[in-house]
Amino acid sequence: MIARKLITEFEELRYEELSASDRKLIDAAKEMTGQSYAPYSHFYVGAAIQMDNGEIVRGSNQENVAYPSGTCAERTACFQASALHPGVAMRKIAVAASTEEGFQQNPISPCGACRQALAEYEAKYGPIEVLLYGNDSIYRFPSVSSLLPLTFTEF
Ligand code: THU
């Protein structure tokens with residue numbers, strides 16, 4: 001038997017410590033929580049993706065009365081990004097979430113399906129940095145695969 005360890009390194013930052021362009025991406029994700037369609041969960045999520053061509057592509061969660069038919073903000077954004085800008089690398093994604101009480105204190109954590117969807121573009125075009133917003137702090141991961149170790153990318 002060989003005991004192995006998976007280690008994920010990430011940074012915890014304050015908003016003021018981010019570059020102007022990272023703040024812009026976070027602001028876009030926060031703004032998109034206002035365009036969420038979440039009448040069932042009342043959990044409003046926004047995502048913004050920095051594309052290699054300078055564009056920012058946005059998304060929000062879109063729920064449905066048939067619950068599994070809805071999608072998360074991250075997948076709305078990355079599918080939109082790939083559909084609008086085929087072949088263009090996604091460099092960064094920022095995610096934020098709010099409820100009636102305001103933005104989450106702690107950084108939002110993307111679900112497994114969204115990590116998998118993003119990982120596909122990362123495998124194709126290179127690392128996608130992940131910025132997870134919380135009022136108290138922001139988590140910065142260097143890549144999607146650092147959030148999804150042993151990523152399934154090919155068969
Ligand atoms: N949701 C997202 O959009 N992104 C996440 O990272 C976590 C969860 C959505 C799905 C659903 O509309 C609502 O939040 C509650 O789970």
Side-chain angles (χ1 to χ4, degrees), residues 6-15 17-18 21-51 55-85 88-153:
L6 290 164
I7 296 173
T8 291
E9 289 189 19
F10 64 98
E11 296 162 320
E12 183 169 356
L13 306 114
R14 282 173 292 110
Y15 182 81
E17 292 179 282
L18 295 172
S21 62
D22 282 0
R23 287 202 297 265
K24 193 174 159 197
L25 203 63
I26 293 267
D27 291 348
K30 289 175 75 178
E31 203 179 296
M32 282 307 290
T33 63
Q35 313 217 163
S36 151
Y37 175 70
Y40 306 105
S41 71
H42 303 283
F43 189 64
Y44 309 104
V45 188
I49 297 178
Q50 179 66 64
M51 306 298 294
E55 294 284 328
I56 291 179
V57 177
R58 297 159 169 81
S60 58
N61 56 329
Q62 299 295 316
E63 297 186 348
N64 189 275
V65 64
Y67 288 4
S69 303
T71 63
C72 296
E74 296 90 325
R75 268 175 293 163
T76 307
C78 75
F79 292 154
Q80 162 103 320
S82 183
L84 290 176
H85 306 284
V88 179
M90 301 173 202
R91 288 298 174 220
K92 289 181 190 189
I93 181 168
V95 192
S98 65
T99 62
E100 268 75 26
E101 272 98 65
F103 289 102
Q104 297 280 287
Q105 293 306 119
N106 298 316
I108 168 141
S109 197
C111 80
C114 286
R115 295 177 197 208
Q116 180 64 34
L118 287 161
E120 178 109 2
Y121 300 112
E122 176 165 285
K124 241 178 141 166
Y125 302 117
I128 304 173
E129 202 176 282
V130 182
L131 294 164
L132 303 176
Y133 180 81
N135 266 336
D136 290 346
S137 62
I138 291 156
Y139 291 166
R140 181 162 67 193
F141 291 82
S143 62
V144 174
S145 61
S146 62
L147 272 171
L148 189 64
L150 301 177
T151 313
F152 176 62
T153 53

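Note that ligands are numbered from 1 as they come in the structure, with each ligand's atoms numbered from 1 the same way.
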Task: ligand 1 contact by Ala38, heavy-atom criterion under 4.0 angstrom - done: no
Open item on the list: Please report whether ligand 1 has a polar contact with Ile108, defined as an N or O pair separated by less than 3.5 Å (distance criterion only).
Closed with: no
TODO: Report the residue from Gln116, Glu122, Glu74, Glu120 that forms a side-chain contact (heavy atoms from CB on, under 4.5 Å) with Val144.
DONE: Glu122
Task: Close side-chain approach of Ser36 and Asn61, heavy atoms under 4.5 Å - done: yes
- [ ] Could you check atom 9 (C) of ligand 1 against the protein and tell me its nearest heavy-atom contact, residue, atom and distance included?
- [x] Asn61 ND2, 3.5 Å
- [ ] Only one of Arg14, Lys92, Arg91 passes salt bridge (charged side-chain N to carboxylate O under 4.0 Å, His left out) with Asp22; say which it is.
- [x] Lys92
Open item on the list: Quick check: do Thr33 and Phe103 have side-chain heavy atoms less than 4.5 Å from each other?
Closed with: yes
Open item on the list: Below 4.0 angstrom, counting only protein heavy atoms, does anything approach atom 16 (O) of ligand 1?
Closed with: no
Task: Any side-chain heavy-atom pair of Tyr125 and Met90 under 4.5 Å - done: no
Task: For atom 14 (O) of ligand 1, the option (of Tyr40, Tyr37, Phe43, Tyr67) bearing the nearest heavy atom - done: Phe43
Task: Nearest non-hydrogen protein atom, atom 8 (C) of ligand 1 - done: Cys72 SG, 4.2 Å
Open item on the list: Could you identify the single nearest non-hydrogen protein atom to atom 11 (C) of ligand 1 and state the distance to 0.1 Å?
Closed with: Glu63 OE2, 3.2 Å
Task: Subset of ligand 1 atoms that lie under 4.0 Å from at least one heavy atom of Ser41 - done: 13 (C), 15 (C)
TODO: Using a 4.0 Å heavy-atom threshold (strictly under), name the region of Ser109 that reaches ligand 1: side chain, backbone, both or neither.
DONE: backbone
Task: Geometric class of the Tyr40/Tyr67 ring pair [parallel <30°, tilted 30-60°, perpendicular >60°] - done: tilted
Task: Heavy atom of the protein closest to atom 3 (O) of ligand 1 (residue, atom name, distance) - done: Ala73 N, 2.9 Å
Open item on the list: Using side-chain heavy atoms (C-beta onward) and a distance below 4.5 Å, is Glu9 in contact with Pro142?
Closed with: no
TODO: Would you check, one step at a time, whether the test side-chain contact (heavy atoms from CB on, under 4.5 Å) holds for Glu31 with Ser60?
DONE: CA-CA 10 Å; Glu31 203 179 296; Ser60 58; over 6 Å; no
Open item on the list: Please report whether ligand 1 has a polar contact with Glu74, defined as an N or O pair separated by less than 3.5 Å (distance criterion only).
Closed with: yes
